[in-house]
Amino acid sequence: MTTYSVNQTTASEGSRYRPLLAAARELVRCDAAALLQLDGQVLRPVAVDGLSDETLGRQFPIASHPRFARLLESGRGLRFAHDCGLPDPYDGLVSGQPGILPVHDCMGAPLRLRGVVWGLLTLDALEPGAFETVTPAQLDAMVTLVETGIEAAHTIQEMEARAMREHALAQALRSGRGTTRELLGSSAAMKQLCSEIDTVAVSDLTVLLLGETGVGKDLVAQRLHAHSRRREQPLVQVNCAALPESLADSELFGHKRGAFTGAVQDRDGKFEIADGGTLFLDEVGELPLTVQAKLLRVLQSGEVQRPGSDRKLKVDVRVIAATNRDLPAAIAQGRFRADLYHRLSVYPLVVPPLRERGRDVVALAGGFLEENQHRLGARNLRLSPASKASLLAHSWPGNVRELEHVISRASLRAFTEQRRGARWTAIEPHHLALDATAAGSSGSSQAPSAPPLPSPAHAAVSTGLHAGVIAAGGTLREATEAFQRAWLADALARHHGHVANAAREAGIDRSNFHRTLRKLGMRPSASSD
């Protein structure tokens, strides 16, 4: 028999069900009525009318109460004869009586919720023959009435549970924990990527994710796992770049107690933990050559041998690897094994950089704004049209990760300027400070976008900046400080000596900007704030 399984009923749930019992007692005169919800093989009272409160603290195993078992098997209910020899579960529980009295008349029916047995409705009377005049039609009408009420109460419970989950989500976002992100975007590049993901996800082929830093290779790995037949099993992630060679063996393959100094107990490696599921090797291009050789053996044989152990363990793991390195070039330089590369790249997937994803940048920015809105407690963070244009024009050398950080900084800046009582908080281009970001990332390996043409008034300052750096000579530190002086002087000139505006463009707070000026021996005018 299929049942609804429940936990202990709360007082608020009981208050929803009690009016149903009152309505049932209007249809059929009795001394007591009860609703019992089925939880596995036990019936638990969720509401009583005419029975003592003690009843709510009890539970009734079906195997110990043959009357309840007969009612559950009865289809649409039945009435027990007043001289029935089966023990009555409610004997002595009818309230308002001068003593402990037996129940003489009993009837009831199973209740269904959405086609599944939910529990029982029971009616009891102290007077023998009290239910002799109750017709099957009356019992059916009463059951229908109660089932309708249970359906309504259950719907309310679901709505409350959904509201609680949404509240928990908002709390998590405010505290910065966030939730699992998904791949977003409707550009042709992303549609092609998602199609490729869905094609290979259902197989057990090893996948190599290729792409620049910050494009979201971890999200691709999560989608591959979520769409695979292994979705119910663990997805285990290893950051290979963070593994020192001395610990990589233990991290990936585990170890036996005493295998090396400090190995005080047996340890499962990531391959064992991921058995039956997926292992995501992020930044696989950073693995030392010695570990690459051991990884290759595991991929070839499907067997793991812990350091310090002679026993081989069979594992069933689907491997997804990711790198931002040019692995063929690393192979040519002797830094990556060619055989491991071919074993990993059974199905290579290239994750496109953000600059190739068109208007996806605006959709992604919207998601990051929503996160920051909850985190900051801000009202309706919105991108102005000029800000959207700025986002679309930027080259995004740091990809989605850079966008996330830009939006976080912009949200904080806009929030601190928010007018009291405003219906929304607008993100403007000066909050994004993309000009300063572009200047700071000019040494990136990505081709920078064409710089804007300087105005005549600004040309002399820019020329002085370049000349100051070239003329500095000397050590790298001296050249760096010369560049900083020139850049800060340039920023102050653009903002007519206004430190707050120059600091905002530089992406730092005003006190740090002042501190940097003092460190470099620069003194803004007294009225510059």
Q: Could you tell me whether a side-chain N or O of Arg114 sits under 3.5 Å from a main-chain N or O of Glu151, the two making a donor and an acceptor?
A: no
Q) How far does CD of Gln292 sit from CG of Asp339, to the nearest 0.5 angstrom? A) 9.0 Å
Q.
Ignoring hydrogens, what is the shortest heavy-atom contact between Leu289 and Arg337? Give both atom names and the distance.
A. CD2-CG, 4.1 Å
(Q) For the CD atom on Glu232, are there more than 12 heavy atoms of other groups (residues, nucleotides or ligands in this structure) within a distance under 6.0 Å? (A) no
Q) Would you say the side-chain atoms of Arg230 pair up with the backbone N or O of Gly276, donor to acceptor, closer than 3.5 Å? A) yes
Q: Give, for atom CD of Gln222 and atom NZ of Lys217, the distance between the pair rounded to the nearest 0.5 Å.
A: 13.5 Å
Q: Output yes when a side-chain donor or acceptor of Lys314 lies under 3.5 Å from a complementary backbone atom of Ser301, and no otherwise.
A: yes
Q. Has the side chain of Ser195 got a donor or acceptor atom that lies under 3.5 Å from a matching backbone atom of Lys191?
A. no
**Q.** Nearest heavy atoms of Glu402 and His394, plus distance in Å
**A.** OE2-NE2, 3.0 Å
Q: Give a yes or no answer on whether the side chain of His225 reaches the backbone of Gln233 with a donor-acceptor pair at less than 3.5 Å.
A: yes
Q: May I ask you to decide if Pro348's main-chain N or O and Ser345's side chain share a donor-acceptor pair within less than 3.5 Å?
A: no
Q. Which atom pair, heavy atoms only, marks the closest approach of Leu383 to Ala365?
A. CD1-CB, 3.9 Å
Q | Nearest atoms (heavy-atom pairs only) where Thr425 meets Phe415 | A | CG2-N, 4.2 Å
Q | Atom pair CG (Leu403) and OG (Ser408), whose distance is rounded to the nearest 0.5 Å | A | 9.0 Å
Q: Of all the heavy-atom pairs spanning Val202 and Arg229, show the shortest one and how long it is.
A: O-NH1, 2.7 Å
Q) Is the backbone of Thr323 close enough, under 3.5 Å, to the side chain of Asp282 for a donor and an acceptor to pair up by distance? A) no
Q. Hey, is the main chain of Leu279 close enough, under 3.5 Å, to the side chain of Lys270 for a donor-acceptor pair?
A. no
**Q.** Minimum heavy-atom distance between Leu354 and Asn399, given as atom pair plus value
**A.** N-OD1, 2.9 Å
